Amino acid sequence: MSEPIIMPQVGQDIEKAVILEWRVCENDHVSKGDILFVVESDKAIFEIEAETSGVILKILFEEGEEAKVFEPVAYIGEPGESIEKMEASGDSSKTEQSIVHRQTVTTDLPLELSKTHASPSARRIAREYDVDLSGISGTGPNGRICKRDVLNMIDHRDIPSPSELQNTSAMKTHSVPVTIKEISKDIEIQFSKMRKATAERLTLSKQTIPHFYHAIDVDMTATLDHRKEYNKSANSRISVNDILVMAVATTLNRFPLLNAHVFDNKISIKKAVNIGIAVSNDEGLLVPVIPDVAALGIREISLLSHEIIQNARQGILKTKSPASFTISNMSMYQINYFIPIINPPECAILGVGGLQKRVIPIGKTQTAVRDIITLTLACDHRAVDGDYAARFLKSLKRNIEHFALK
């Protein structure tokens, strides 16, 4: 039975996305999990996977076109099944609606990049070096311009590098000089689409959400010892962040008001615990998501976390599930304590500080050096009160300090 392939919601409050590249053609057979197409929103590039196996019967949008979320962009079904049969079965309204809503995309890309058949990596390098793709002959499948084609053009032309472009008054990209000494005059840098979206979202958060904050110290000594022993025998190593993700998911099970989205006059408590991990790259902030964490083991969390963070640093998000709670970890920068900003419409976000050696009292007469981290919870006061948030943090502290790795 044929099914529509729907444009997913590739980010909260995002209504449309641009199809950058189709990885399949009509009549291609695909398996569940295969990458079908690549889309770009204001914040990132996403690879969209097939949710079922079958044959691509019809593609409704071409590369460079914009589609609304939750509407069909293609159809998948059995070999030989026609689009006419699908329309007769009741899908015609969706198909017609999708075609009506097709429009010429207006983005920050030059017009020639929107029309040229090129891979996402080739487009990114072309934007970075200000290369006109229309003058390049592609060596990829069906004449597609690949990364190597753009690099070959750069090698054989007198094209300045991004660092050289930084010293010109006509700099257009969101590049930052390495040192002040490199700047000969004041430089104005236009926000990239991702940086602009980040700015708008954080401004909205601070202006509309009544934040309040709680902080608590957590003794990580025993947990770090357990982690060390586990990593000696396990096939894959787990990080402190993996442990925090699992502990947060376990704790949220008992505090569902914090696993929620908040709107003007209601709170939507989420069934699945989808943990977002705040990740920064040169263009702005992204929040890749580990879906349904409560159903995963620590090893699965570790593998997924590593994959989504690496992809996010390249501006790629693969998951379609919106985060229900976010963790922002600054421990790698030796930041002891910071106050995070809630990622709307979520109800809360957890800030994780760096590991510190501290002397603390043991009993009435002794002291000991322990490994301590500081957790800071920011909450939306419209949905939860201080008592509820304090009990969550106290429970989270206990779950982390008594974390058992199996």
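Just so it is clear, the structure is predicted and the values come from calculations on it, not from any experiment. The chain is numbered in sequence order, starting from 1.
With contacts defined as side-chain heavy-atom distances shorter than 4.5 Å, the pair Arg227/Ile238 qualifies. Side-chain contact between Ile327 and Ile275 is present, with heavy atoms from C-beta onward closer than 4.5 Å. Side-chain contact between Leu350 and Val248 is present, with at least one heavy-atom pair separated by less than 4.5 Å. Asn27 is not listed as a side-chain neighbour of Ile56, based on a closest heavy-atom distance of 4.5 Å or more. Within the 4.5 Å cutoff, the side chain of Val262 has no heavy atoms near those of the Val384 side chain.
Atoms NZ and CG, from Lys271 and Asp292 in turn, are 9.0 Å apart once rounded to the nearest 0.5 Å. In this structure, the separation between CG on Leu377 and CG on Leu258 is 6.0 Å, given to the nearest 0.5 Å. Distance check: Arg237 CZ to Tyr230 OH gives 11.5 Å after rounding to the nearest 0.5 Å.
Side chain of Trp22 to backbone of Val38: no donor-acceptor contact under 3.5 angstrom is found. No donor-acceptor distance shorter than 3.5 angstrom exists from the side chain of Ser331 to the backbone of Gly353, with no hydrogens or angles considered. Using a distance-only test at 3.5 Å, with no hydrogens or angles considered, a donor-acceptor pair links the side chain of Glu26 to the main chain of Ile59. Between the Ser31 side chain and the Asp34 main chain, no donor and acceptor come within less than 3.5 Å of each other. Thr376 places no side-chain N or O within donor-acceptor distance of the main-chain N or O of Ile339, the cut-off being under 3.5 Å. In terms of modelled atom types and a separation under 3.5 Å, the side chain of Asn259 and the main chain of Ala272 share a donor-acceptor contact. Side chain of Arg382 to main chain of Asp264: no donor-acceptor pair is present (N/O by atom type, distance under 3.5 Å, no hydrogens or angles). Side-chain N or O atoms of Glu65 include one that pairs as donor or acceptor with a backbone N or O of Glu62 at under 3.5 Å. With hydrogens and angles ignored, the 3.5 Å screen pairs a side-chain donor or acceptor of His261 with a backbone N or O of Ala323. Side-chain atoms of Thr251 come within 3.5 Å of backbone atoms of Ala247 as a donor-acceptor pair (strictly under, hydrogens ignored).
Of the candidates Leu296, Leu303, Ile298, Glu300 forms a side chain to side chain contact (heavy atoms under 4.5 Å, CB included) with just one, namely Leu296. Tested against Ile76, the residues Leu36, Thr52, Leu57, Asp28 include a single side chain to side chain contact (heavy atoms under 4.5 Å, CB included) partner, Thr52. For the side chain to side chain donor-acceptor pair (under 3.5 Å) criterion with Asp217, the lone passing option out of Arg370, Lys397, Arg358 is Arg358.
Annotation: Arg391, atom CZ; neighbour count of heavy atoms from other residues, nucleotides and ligands within 6.0 Å is above 12. Dense packing is recorded around NE2 of His29, with more than 12 heavy atoms of other residues, nucleotides or ligands lying under 6.0 Å away. Within a 6.0 Å sphere centred on NE2 of His214, other residues, nucleotides and ligands contribute more than 12 heavy atoms.
Side-chain contact of Ser395 with Arg254: a donor-acceptor pair under 3.5 Å is present, judged by distance alone. Between the side chains of Lys196 and Thr198, no donor-acceptor pair is found at a separation under 3.5 Å. The closest side-chain donor-acceptor pair between Thr250 and Asn253, if any, does not fall under 3.5 angstrom. For the 3.5 Å distance criterion, the side chains of Asn241 and Ser239 fail to qualify, holding no donor opposite an acceptor.
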| request: Kindly determine whether Val352 and Met330 satisfy side-chain contact (heavy atoms from CB on, under 4.5 Å), including the steps that lead there. | output: CA-CA 6 Å; Val352 181; Met330 301 285 282; over 6 Å; no
| task | With side-chain contact (heavy atoms from CB on, under 4.5 Å) as the test, would you mind laying out the steps for Asn343 and Arg201 before giving the verdict? | result | CA-CA 8 Å; Asn343 184 28; Arg201 194 166 194 81; 2.9 Å; yes
| query | Should Lys206 and Ile341 be marked as a side-chain contact (heavy atoms from CB on, under 4.5 Å) after you check the CA-CA gap, both sets of side-chain angles, and the distance that decides it? | reply | CA-CA 7 Å; Lys206 292 297 288 185; Ile341 300 175; 3.9 Å; yes
| field | Ser324/Glu346 under side-chain hydrogen bond (donor to acceptor under 3.5 Å, both in side chains): CA gap, chis, key distance, verdict | value | CA-CA 6 Å; Ser324 58; Glu346 294 165 36; over 6 Å; no
| query | Run the side-chain contact (heavy atoms from CB on, under 4.5 Å) check on Ile400 and Leu375 step by step: do they pass? | reply | CA-CA 11 Å; Ile400 295 173; Leu375 304 180; 3.9 Å; yes
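The side chain to side chain donor-acceptor pair (under 3.5 Å) check on Asn274 picks up nothing, with sequence neighbours excluded.
Under 4.0 Å is where a charged nitrogen must lie from a carboxylate oxygen, and between Glu71 and Lys68 no such pair does. Salt bridge annotation for Glu21-Arg23: present, with a cationic side-chain nitrogen under 4.0 angstrom from a carboxylate oxygen.
The list of ring-ring contact (aromatic ring centres under 6.0 Å, His included) pairs with a residue in residues 339-390, not counting sequence neighbours, reads Phe212-His381, Phe255-Tyr388.
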